[in-house]
Protein chains: 2
Amino acid sequence: MNKIYFAGSIRGGRNDLELYREIIGYLTNFGEVLTEHIGDAGLSPMGETGISDSEIYHRDIYWLSQSGFIVAEVSTPSLGVGFEISRAIELKKKVLCLYRGQQGRKLSAMISGCPDIQVKEYQTLEEVKQIIGNFFTDDR
Amino acid sequence: MNKIYFAGSIRGGRNDLELYREIIGYLTNFGEVLTEHIGDAGLSPMGETGISDSEIYHRDIYWLSQSGFIVAEVSTPSLGVGFEISRAIELKKKVLCLYRGQQGRKLSAMISGCPDIQVKEYQTLEEVKQIIGNFFTDDR
């Protein structure tokens with residue numbers, strides 16, 4: 001079964017929490033999502049409790065290394081998401097970034113200019129689902 | 001002469017622009033700063049003009065590969081800064097992250113929990129200068 005690493009902002013801000021939850025739910029049609037907690041409404045911008053930052057770091061890098069597919073929602077700027085995308089590329093994973101275009105903002109050039117990332121803009125959840133479906137059925 | 005890569009938020013937001021300018025100015029005491037444009041007041045959150053995102057990406061990764069030292073200001077969440085820090089670690093560079101502790105916020109666990117990064121909290125520019133001085137005179 002495919003293992004999927006979903007990346008979304010936690011400490012960078014939880015504005016898109018509901019959207020993360022919807023994306024994670026849809027991703028489970030294509031494999032096991034190792035990072036389901038990203039969509040947990042109980043997870044505040046202060047992050048997980050009862051686990052040290054060092055433990056989170058090593059667990060997440062382990063999960064990333066186990067996953068074949070990385071799907072990142074990149075509309076909310078986040079150090080952790082940027083870090084994970086870069087590491088995923090080094091590990092030769094297949095990486096999809098979902099970006100909701102916003103007036104007066106632009107996606108980081110380190111993401112949009114990177115040849116090893118598929119970046120897809122969307123506006124609606126329906127569009128996200130179509131993009132994800134194509135990502136997992138695409139043979140590249 | 002040391003080559004230094006300074007990383008700070010551009011498209012993630014320019015709130016700390018003046019601080020970036022001060023840090024870059026101080027860093028020039030320790031080497032050549034390849035990314036001086038990060039402190040340019042003319043550089044808006046829309047990013048550089050007259051250059052494509054692909055060109056920015058490849059130029060920045062080239063500069064990163066040439067630098068021995070990476071200094072990142074990580075108080076403003078940024079995909080690009082997270083990406084660059086991760087890549088710097090893969091390239092075995094010496095990495096310093098400067099973080100201004102803020103009420104109700106926490107630094108990403110991918111930064112604070114990573115064993116290959118020196119993370120230093122500060123509140124004043126004087127503290128930043130002392131931290132940077134130690135970073136460049138420290139023999140580790």
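Residue numbers start from 1 in every chain, and the chains themselves are labelled A, B, ... in the order their sequence lines are given, proteins ahead of strands.
More than 12 heavy-atom neighbours from other residues, nucleotides or ligands sit within 6.0 angstrom of NZ on Lys93(A). No more than 12 heavy atoms of other residues, nucleotides or ligands lie within 6.0 Å of CD in Gln130(A), so this atom counts as exposed by the packing criterion. The number of heavy atoms from other shown groups lying within 6.0 Å of CD (Glu127(A)) is above 12.
Residues Tyr20(B) and Ile131(B) share a single hydrophobic cluster, defined by chaining ILVMFWY side chains whose heavy atoms lie under 4.5 Å apart. Taken together through direct or relayed side-chain contacts under 4.5 Å among Ile, Leu, Val, Met, Phe, Trp and Tyr, Ile10(B) and Phe6(B) form part of one hydrophobic cluster. Side-chain heavy atoms closer than 4.5 Å link hydrophobic residues (I, L, V, M, F, W, Y) into clusters, and following such links, even through other members, never connects Phe136(B) to Ile70(B). Leu27(A) and Leu98(A) fall within a single hydrophobic cluster, where Ile, Leu, Val, Met, Phe, Trp and Tyr side chains are chained together by heavy-atom contacts under 4.5 Å. One hydrophobic cluster, built from ILVMFWY side chains closer than 4.5 Å, cannot hold both Ile38(B) and Trp63(B); they sit in different ones.
When all heavy atoms are compared, the tightest approach of Ser108(B) to Gly80(A) is OG-CA, 3.4 Å. Across every non-hydrogen atom of Arg105(A) and Arg11(B), the tightest pair is NH2-O, 3.6 Å. Here the closest non-hydrogen pair linking Arg87(B) and Ser86(A) is N-OG, 3.5 Å. Closest heavy-atom contact between Pro77(B) and Gly12(A): CG-CA, 4.0 Å.
At a 4.5 Å heavy-atom cutoff, the contact between Leu107(A) and chain B is made by backbone and side-chain atoms alike. Residue Glu84(A) touches chain B through its side chain alone, counting heavy-atom pairs closer than 4.5 Å.
For the atom pair NZ of Lys106(B) and CG of Asp53(A), the computed distance is 5.5 Å after rounding to the nearest 0.5 Å. Note: Asp60(B) CG to Cys114(A) SG = 12.0 Å, rounded to the nearest 0.5 Å. Taken from SG in Cys97(A) to CG in Leu79(B), the straight-line distance is 8.0 Å, to the nearest 0.5 Å.
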- Message: Evaluate Met110(B) against Val81(A) for side chain to side chain contact (heavy atoms under 4.5 Å, CB included), listing each step before the verdict.
- Response: CA-CA 9 Å; Met110(B) 301 311 285; Val81(A) 173; over 6 Å; no
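The side-chain heavy atoms of Tyr57(B) and Ile111(A), taken from C-beta on, include no pair separated by under 4.5 Å.
For the set Ser78(A), Gly104(A), Pro115(A), the count of heavy-atom pairs under 4.5 angstrom toward chain B peaks at Ser78(A).
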